[in-house]
**Student:** 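Input: one structure, supplied below.
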Amino acid sequence: MEHFSDALRHRSLGWYDRGKLMHEDQFKQAAYGISRYLLDARLVAQFRELGGILETGKRARPEPGIGKVWAAGRRPCKGRWIGLKAHVRQLPQTADLEMHAGGNGYVGLAGVEDGWTNVCGLFRLNRAQRGVGEELLPAYLEAGGNVALAAALRAGEWKKGSFSAVAGFELGPQVPLAGLLTLGDAESMIPPFTGNGMSMAFQAAECALDPLTAWSRGEVSWDLAAKEVRWALKRRFSRRLRVAQALHPILLAASGRALLGQLATRHLLPFQRVLTLIR
Ligand SMILES: Cc1cc2nc3c(=O)[nH]c(=O)nc-3n(C[C@H](O)[C@H](O)[C@H](O)COP(=O)(O)OP(=O)(O)OC[C@H]3O[C@@H](n4cnc5c(N)ncnc54)[C@H](O)[C@@H]3O)c2cc1C
């Protein structure tokens with residue numbers, strides 16, 4: 001937990017649809033705001049301090065084997081999505097965490113260290129979309145009707161090297177690799193509007209800890225340890241994955257967003273209840 005001691009604490013949430021504020025709320029438990037750069041560097045340092053050997057600059061192959069755990073993130077496929085991310089400063093924000101829905105996807109805004117805002121969006125992949133590199137993010141936003149946010153992004157200060165794009169992946173349970181024990185996104189990818197994938201990666205590691213420790217001490221076979229990990233993952237995540245996957249298409253469909261907008265206007269949006277179901 002010391003890795004998060006200086007992380008920002010996000011409490012307020014603003015949900016927008018194409019620039020229009022639909023709903024404001026508060027998290028009962030604050031969300032941490034920290035960049036992957038900083039968090040990964042801290043995890044690497046701790047892993048090495050504990051005697052772990054980290055090899056970088058090499059790509060492993062997803063082959064099953066005794067004692068092998070595959071936690072290499074989303075599984076490339078001919079998926080329908082593109083994820084675009086950058087760190088930008090000088091963005092006007094009304095809430096600690098903002099979710100901006102549009103006709104082609106959604107983007108989340110969350111502060112991280114040094115005044116930067118992590119801008120991370122998921123969009124339906126459109127190979128005809130104009131724009132290359134950094135320009136893709138405002139271009140996708142504009143195409144989805146988030147014109148003001150696109151303009152604010154273009155006017156902001158972009159952290160050099162922070163832009164990244166990932167395309168070609170599917171959300172939900174990933175196709176199992178025969179005999180290989182997988183964790184994190186490699187096992188299942190929650191739709192990112194939940195802002196929960198990182199927590200799930202840590203929780204998945206937690207689920208695996210006891211069975212893998214028992215195996216490393218020779219107390220159980222590898223097959224049994226792997227089976228127990230899979231059961232623990234299922235118990236912990238199946239409900240939130242089901243709920244998130246049911247909500248995700250509603251957020252993307254114009255009719256679904258209109259319905260949510262009407263509920264929000266009447267203060268009938270069950271935000272806290274839904275939050276409990278995806279946590
Ligand atoms: C658009 C979008 C927005 C998101 N927003 C949020 C958010 O706001 N909050 C949140 O909590 N989560 C968010 N997520 C989800 C979150 O990023 C993931 O759930 C989380 O990173 C999964 O962690 P992981 O360790 O399983 O995989 P990763 O973080 O992807 O780590 C996998 C690692 O394995 C390495 N690797 C890959 N292939 C190989 C190979 N062949 N050999 C060796 N190494 C390999 C990669 O380089 C990487 O270092 C978002 C995801 C998307 C797509």
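In each ligand, atom 1 is the first atom listed, and ligand 1 is the first ligand listed. As a basis for the values below, the full set of heavy atoms in this structure was taken, side chains included, without hydrogen atoms, waters or symmetry mates.
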**Student:** Nearest protein heavy atom to atom 28 (P) of ligand 1, by residue and atom, and its distance?
**Tutor:** G73 CA, 4.1 Å
**Student:** Short question: side chain of E113, backbone of S35 - any donor-acceptor pair under 3.5 Å?
**Tutor:** yes
**Student:** State which residues pass side-chain hydrogen bond (donor to acceptor under 3.5 Å, both in side chains) with H23; sequence neighbours excluded, sorted by chain then number.
**Tutor:**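 With neighbours one apart ignored, the set is D25.
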**Student:** Between T182 and Q174, is there a side-chain donor-acceptor contact under 3.5 Å, judged purely by atom types and distance?
**Tutor:**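 Result is no, nothing qualifies.
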**Student:** Counting N and O atoms only, with roles assigned by atom type, does the side chain of E134 sit under 3.5 Å from a partner on the main chain of S164, one being a donor and the other an acceptor?
**Tutor:** no
**Student:** Just need the protein heavy atom nearest to atom 50 (C) of ligand 1, so name the residue and atom and give the distance.
**Tutor:**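 Here the nearest protein heavy atom works out to P192 CB, 3.8 Å.
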**Student:** Just heavy atoms, cut-off under 4.0 Å: does W70 contact ligand 1 by side chain, backbone, both, or neither?
**Tutor:** side chain
**Student:** Heavy-atom contacts under 4.0 Å between A71 and ligand 1: side chain, backbone, both, or neither?
**Tutor:** backbone
**Student:** Going by a strict under-4.0 Å cutoff (protein heavy atoms only), does atom 47 (O) of ligand 1 have a neighbour on the protein?
**Tutor:** no
**Student:** Please determine if R59 has a nitrogen or oxygen closer than 3.5 Å to a nitrogen or oxygen of ligand 1.
**Tutor:** yes
**Student:** For atom 13 (C) of ligand 1, which protein heavy atom lies nearest, and how many Å away is it?
**Tutor:**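 Going by distance alone, atom 13 (C) of ligand 1 is nearest to G197 N, 4.4 Å.
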**Student:** Judged by atom type as modelled, is there a donor-acceptor pair below 3.5 Å linking the side chain of R42 to the main-chain atoms of E2?
**Tutor:**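 Flag not set: sc R42 to bb E2 has no pair under 3.5 Å.
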**Student:** Counting non-hydrogen protein atoms only, what is the nearest one to atom 11 (O) of ligand 1? Give residue, atom name and distance.
**Tutor:** M198 N, 2.9 Å
**Student:** With a 3.5 Å cut-off and no angle check, do the side chains of Y16 and T94 form a donor-acceptor pair?
**Tutor:** yes
**Student:** What atoms in ligand 1 come closer than 4.0 Å to a heavy atom of G184?
**Tutor:** 26 (O)
**Student:** Of R61, R36, K58, which has the heavy atom at the shortest distance from atom 17 (O) of ligand 1?
**Tutor:** R36
**Student:** With atom 23 (O) of ligand 1 as the reference point, say which of A201, A167, S164, P62 has the nearest heavy atom.
**Tutor:** A201
**Student:** Does any N/O atom on R74 come nearer than 3.5 Å to any N/O atom on ligand 1?
**Tutor:** no
**Student:** Looking only at protein heavy atoms, which one is nearest to atom 37 (C) of ligand 1, and how far off is it?
**Tutor:** A72 O, 3.1 Å
**Student:** Contact between G121 and ligand 1, counting heavy atoms under 4.0 Å?
**Tutor:**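 A heavy atom of G121 does come that close to ligand 1.
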**Student:** What protein heavy atom lies closest to atom 8 (O) of ligand 1? Include the residue and the distance to one decimal.
**Tutor:** G195 CA, 4.1 Å
**Student:** Between D96 and R11, is there a salt bridge with N-O shorter than 4.0 Å?
**Tutor:**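 Salt bridge between R11 and D96, a charged N being under 4.0 Å from a carboxylate O: no.
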**Student:** Please determine if D185 has a nitrogen or oxygen closer than 3.5 Å to a nitrogen or oxygen of ligand 1.
**Tutor:**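 Yes.
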**Student:** Does ligand 1 come near enough to V166 that some N or O of the ligand is less than 3.5 Å from an N or O of the residue?
**Tutor:** no
**Student:** Donor-acceptor pair, distance only, cut-off 3.5 Å: does the side chain of H100 make one with the backbone of G19?
**Tutor:**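 Judged by distance alone, no pair lies under 3.5 Å.
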**Student:** Below 3.5 angstrom, do we get any N/O pair linking A60 and ligand 1?
**Tutor:** yes
**Student:** Checking a contact table here: which protein heavy atom is nearest atom 3 (C) of ligand 1, and how many Å away?
**Tutor:**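 The closest heavy atom on the protein side is C120 SG, 3.1 Å.
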**Student:** If hydrophobic residues (ILVMFWY) are linked whenever their side-chain heavy atoms come closer than 4.5 Å, directly or via other members, who joins L180 in its cluster?
**Tutor:**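 W70, L177, listed by chain and number.
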**Student:** Quick check against the 3.5 Å criterion: does S162 have a side-chain atom that pairs as donor or acceptor with the backbone of H87?
**Tutor:** yes
**Student:** Of D223, L224, I66, which meets side-chain contact (heavy atoms from CB on, under 4.5 Å) against W215?
**Tutor:** I66
**Student:** Looking only at the side chains, is there a donor atom on one of H3 and Y32 sitting less than 3.5 Å from an acceptor on the other?
**Tutor:**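 No, no side-chain donor-acceptor contact under 3.5 Å.
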